[in-house]
Number of protein chains: 2
Amino acid sequence: MAKKGQYTYEYPHPAVTADSVVFGYDGKELKVLLIKRGKEREASTTAYAGEWALPGGFLDVEKDKTIAHTAFRELKEETGLKLSIKDFKEVGSFSDIRRDPRERVITITHYALVKLAEVEASTDAEKAEWFSWADIPHLAFDHDKILRVAFSRLKQDIHFEPVGFELLPEVFTLPQLQNLYESILEVKFDRRNFANKMKHYGILSEIEDGTPRHGTRTPVKYRFDKENYDRLKGSGFQLEF
Amino acid sequence: MAKKGQYTYEYPHPAVTADSVVFGYDGKELKVLLIKRGKEREASTTAYAGEWALPGGFLDVEKDKTIAHTAFRELKEETGLKLSIKDFKEVGSFSDIRRDPRERVITITHYALVKLAEVEASTDAEKAEWFSWADIPHLAFDHDKILRVAFSRLKQDIHFEPVGFELLPEVFTLPQLQNLYESILEVKFDRRNFANKMKHYGILSEIEDGTPRHGTRTPVKYRFDKENYDRLKGSGFQLEF
DNA sequence: ATTTTTTGTGTAAATATTACACATATTTTT
DNA sequence: AAAAATATGTGTAATATTTACACAAAAAAT
């Protein structure tokens, strides 16, 4: 364990943390992973104990290769979720001089998109919980603000990035895909126009499951055609609505 | 002056800097403001002395309200340019563990857009120089990479933000505006289509300077109609090409 | 003086977007 | 068990947007 007062500098240094906004989608609603704050860094005073907050923690100055590695490591430690470094997309920094009561702390926030069904089992329910976007509690520090900024970044990115790929399960339906877009963009689309446009892009593969499918109201299942998407993206394609 | 070893922490802390990419436009070419590195922080070892670099410097932990204030202060100190805090748009952080040979330094980068003609005089030519985008020298640290990322962010933002307002002088011509868009987006547009689209948005006011203007090849002068632009933007307008 | 470059302007064709209705199986309600 | 409500898939015509394209005149360069 580190001895107190071991690290000295000629000029004052801030602490740096990485917080993560992890979005999931269960086919119905957009969700966010939050943790209940306990104590951290054994010896330091705990701030906002017992409140909900974004998962995150301090940069390990000697070990973390980049700040994304901090985000990765802390998310795993705090929620059990083991993603990949490249899943973390930087949102920005939050550096207000009073944002942490203990000392000057700059946080760099990332967001990540996960397939909820696939990861729900591996999140440590003791410490972490998935909250519906519509039902987020008040958060510690300036995490309310951070969450809003992360969401607006997601909202921007969805125009150009295949966020569907990352949030939906392998097999999904058009209504699910549409609902996801509507949840993130906070608008409603016409069902026919949405389907036409999506099919026109050629990035959906219909799954033939044998059932002859005479009636409706059992939605057709699709898979993303990743190869086609990558090809389109390479030639300047933009997924827009 | 600070005494050596005055600031101690229980855990190691990184240094945090703010670097700025300042873009200017002279009616012909996109330019970037760079500084020649000398020594900084009186007592510390100077890295990359004599090389070109982005303007920037260390966060003042006790005084800088946010990291944007650091960017503002350092830009003024190093180049003489006095912008406004809200001119600084965050690009992102660069945190590679080896990016600074002296100690662990995380940098948070902003970009800013300026009307070159108006600020050229106030940049301290002793220390700072405007470089054409096509003619940027090799830079210190990972500043080459930072510059590329900042440019690609500008390229994205131009779709949705009135960067023309910020880079062009009050009075400008359509060819200048088009050239600016072409420089940033790295494409060529058809002159008629560009003019049609721009005029259709209703954000340009033609300036009547009395001259009857029988001939062509003396471009018509315009001003941005800021009010109209703001109104359009408020109702979801997007400037696209 | 001649040539080259720069500028402004309009229209037709192609493409993309929008608006819109019904039949039917499933689910929910009574 | 029956009835009502809900969710699903499908196509076309009207409108709006985007693209492609040529010439005449002044200024600048040769």
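Lettering follows sequence order; numbering is per chain, from 1.
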### Query
Below 4.0 angstrom from OP1 or OP2 of D/dT18, is there any side-chain N or O of B/Lys197?
yes
### Task
Tell whether A/Arg192 reaches the base of D/dG9 with its side chain through a donor-acceptor pair below 3.5 angstrom.
no
### Message
Nearest whole Å is fine: how far is D/dG9 P from A/Lys221 NZ?
### Response
11 Å
### Task
Assign each of B/Lys199 and A/Asn196 to its nearest nucleotide of DNA chain C by heavy atoms, then name whichever residue's nucleotide is nearer the 5' end.
B/Lys199
### Query
Would you call A/Lys31 and A/Glu120 a salt bridge, using N to O less than 4.0 angstrom?
no
### Task
Give the nucleotide from the list C/dT18, D/dG9, C/dG8 with an atom nearest to the side chain of B/Val220.
C/dG8
### B/Asp190 CG - C/dT9 P separation (whole Å)
14 Å
#### Entry: The single option from A/Thr107, A/Thr70, A/Thr109 passing side chain to side chain donor-acceptor pair (under 3.5 Å) against A/Thr17
A/Thr107
### Task
Calculate the interatomic distance between A/Asn193 atom CG and C/dA21 atom P; express it in whole Å.
13 Å
Can you list, pair by pair, the side-chain donor-acceptor contacts under 3.5 Å of residues 125-132 of chain B, counting residues two or more places apart and other chains?
residue  : atom : partner : partner atom : Å
B/Lys127 : NZ   : B/Glu77 : O            : 3.0
B/Ser132 : OG   : B/Glu29 : OE1          : 2.9

### Task
Round to the nearest Å and state the distance from B/Phe189 atom CZ to D/dC21 atom C1'.
18 Å
### Query
Between A/Asp144 and A/Arg148, is there a salt bridge with N-O shorter than 4.0 Å?
no
### Task
Figure out the NZ/P separation between B/Lys28 and C/dT6, and round it to whole Å.
10 Å
### Distance, rounded to the nearest Å, where B/Leu177 contributes CG and C/dG8 contributes P
12 Å
### Rounded interatomic separation in angstrom, taking NE2 from A/His200 and P from D/dT10
16 Å
### Message
Determine whether a donor-acceptor pair (N or O, by modelled atom type, separation under 3.5 Å) exists between the side chain of A/Glu206 and the backbone of A/Val220.
### Response
no
### Message
Can you confirm if the aromatic rings of A/Tyr111 and A/Phe151 lie within a centre distance of less than 6.0 Å?
### Response
no
### Task
May I have the distance from B/Arg191 (atom CZ) to C/dT9 (atom C1'), rounded to whole angstrom?
10 Å
Measure all distances between protein nitrogen or oxygen atoms and nitrogen or oxygen atoms of nucleotides 26-30 of chain C, and list the pairs falling under 3.5 Å.
residue : atom : partner  : partner atom : Å
C/dT26  : O2   : A/Arg217 : NH1          : 2.9

### Task
Decide if the gap between the ring center of B/Phe165 and the ring center of B/Tyr229 is smaller than 6.0 angstrom.
yes
